[in-house]
Amino acid sequence: GLMCGGELTVIIIAAVVVGVMKAGSISATNDMTEFVTYLMSPIMFAGGLSAIVGNMLPSSLHLHKWNFKFSDPFKGEKLNPAFTLTALFTALGLNSAWCYAYYYLKGWFGNFVGYVPEDSQTLYTPYTMPLVGMICYLVWVCIIAPVTEEYMFRGAMLRTLSHYGSGFAIVASSIAFGLMNGNMGQTPMAFLIGLIMGYVAAKSGNIRQTIFIHMVNNIIASLPQILNYFMPEWYDSYANYVEYFDYATIAFAAVALVYFMI
């Protein structure tokens, strides 16, 4: 509620300001496109701000209710680098595997019901996204979201639900993490990655390693946006070779899952 309300408030204020300031400069023939372009920077800023308020405030209040300090989720033991990297590549592999599974499931679903859901991701360019907006987007997705979401799900939620057992806490927080995406195409993937990061957080007692895993995952997921915006000449090469990275992480994830189970 805080995230949606905060983001909507900032966007409405920005829309009014942009409408007043740019009323004379927006052409009548392409007014909506130009208006939306002007709004992209406030929208991305609002997303990052709402993530901070919506994730951190209720989480810190919840921890306080359970007699935890705000800084407690960041305390705990360090895991050896090999374990953390194993968890990272397992998460990346599960992500890649789900992307391929979703592609085939979507095709099967389309053949079965005669309707194929459209992919909602849009690649930003300097013509559709101002530089300030792109920077706000990357800071939001690659830094703010990993920190605040890990604080909420692997910090506050996992820590307090551990009262009912670590297994229950990991599964329950992963389900909540998956549903938080609000996208059925991403919910199963987020749930699987949540299981890995929940296990890491439960084993270490803190969220430092899970923040690192989450950041790397989001940076890799944002590479198409980064390359298409800043280095479009490299984007085609990336698109041609990214599948080999996917195959490698899927293979590593299969081995790592056996390692985790052992």
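Predicted model, so just to flag it, every value in this text is computed and none were measured. The basis for the numbers below is simple: all heavy atoms, side chains too, and nothing from hydrogens, waters or symmetry mates.
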Chi angles and distances behind the side-chain contact (heavy atoms from CB on, under 4.5 Å) call for Y100, Y247: CA-CA 10 Å; Y100 284 105; Y247 296 151; 3.7 Å; yes
Whether T187 side chain and G178 backbone form a donor-acceptor pair below 3.5 Å: yes
Atom CZ of F191 with >12 non-hydrogen neighbours under 6.0 angstrom: yes
Shared hydrophobic cluster for L138 and I135 (ILVMFWY, side-chain gaps under 4.5 Å): yes
Side chain to side chain contact (heavy atoms under 4.5 Å, CB included) involving S162 - partner list, sequence neighbours excluded: L158, A169
Audit row: F153, T148, side-chain contact (heavy atoms from CB on, under 4.5 Å) steps and yes/no: CA-CA 9 Å; F153 295 104; T148 60; over 6 Å; no
Closest contact, heavy atoms only, L2 versus G54: CB-CA, 3.8 Å
Of all pairs that satisfy side chain to side chain donor-acceptor pair (under 3.5 Å), the ones with a partner from residues 44-54, not counting sequence neighbours: none
Residue pair Y259 / T90, side-chain heavy-atom distance below 4.5 Å: no
Counterpart residues, side chain to side chain contact (heavy atoms under 4.5 Å, CB included), relative to H62 (two or more places apart): W66, A156, T160
Those residues that, when tested against I13, pass side chain to side chain contact (heavy atoms under 4.5 Å, CB included) (two or more places apart): T9, V17
S59 OG to H64 NE2 distance, which is reported to the nearest 0.5 Å: 14.5 Å
Atom of S222, atom of V141 and distance for their closest heavy-atom approach: OG-CG1, 3.5 Å
Within residues 154-181 or reaching into it, pairs that qualify as salt bridge (charged side-chain N to carboxylate O under 4.0 Å, His left out) - sequence neighbours excluded: E150-R154
Heavy-atom check, side chain of C142 versus side chain of M215, under 4.5 Å: no
From CA spacing to verdict: side-chain contact (heavy atoms from CB on, under 4.5 Å), L123, Y235: CA-CA 11 Å; L123 291 176; Y235 177 75; 3.3 Å; yes
ILVMFWY network linking I213 to I250, side-chain heavy atoms under 4.5 angstrom: no
Approximate separation, where rounding is to 0.5 Å, of S96 OG and M189 CE: 10.0 Å
Nearest heavy atoms of A256 and T86, plus distance in Å: CB-CG2, 3.6 Å
Parallel, tilted or perpendicular, as decided by the 30° and 60° cut-offs, for the rings of Y241 and Y244: tilted
ILVMFWY cluster, Y127 and L227 together (side-chain gap under 4.5 Å): no
Side-chain heavy-atom pair F45, V132 within 4.5 angstrom cut-off: no
Ring centre gap for Y124 and Y229 strictly below 6.0 Å: no
Minimum-distance pair of heavy atoms, taken over all atoms of A172 and L161: CB-CD1, 3.8 Å
pair N55-M180: side-chain heavy atoms closer than 4.5 Å: yes
Same apolar cluster (I L V M F W Y, side chains within < 4.5 Å links), M134/L49: no
Flag side-chain contact, heavy atom, 4.5 Å: L257 against L94: yes
Same cluster (ILVMFWY, side-chain, under 4.5 Å), I219 and L88: no
Aromatic ring proximity, centroids under 6.0 angstrom, H214 and F177: yes
Closest non-hydrogen atom pair, N206 against Q209: OD1-OE1, 3.0 Å
Listed pairs under 3.5 Å, donor-acceptor, residues 71-82 side chains, sequence neighbours left out:
from	atom 1	to	atom 2	distance (Å)
D72	OD2	K69	N	2.8
N80	OD1	A82	N	3.2
N80	OD1	F83	N	2.7

Flag side-chain contact, heavy atom, 4.5 Å: Y238 against N228: no
Atom pair OH (Y137) and CD1 (I226), whose distance is rounded to the nearest 0.5 Å: 8.5 Å
Nearest-0.5 Å distance that lies between atom CD1 in I220 and atom CG in L92: 4.5 Å
Check: Q225 side chain, T122 main-chain N or O, donor-acceptor pair, under 3.5 Å: yes
Ring geometry between Y151 and F70 (parallel below 30°, tilted from 30 to 60°, perpendicular above 60°): tilted
Heavy-atom side-chain proximity of M56 to M152 below 4.5 angstrom: no
From M3 atom CE to I52 atom CD1, the distance as rounded to the nearest 0.5 Å: 10.5 Å
Nearest-0.5 Å distance that lies between atom CD in E149 and atom OG1 in T210: 11.0 Å
Side-chain touch V216/F212, heavy atoms, less than 4.5 angstrom: yes
Distance-minimising heavy-atom pair for A87 and V200: CB-CG2, 3.5 Å
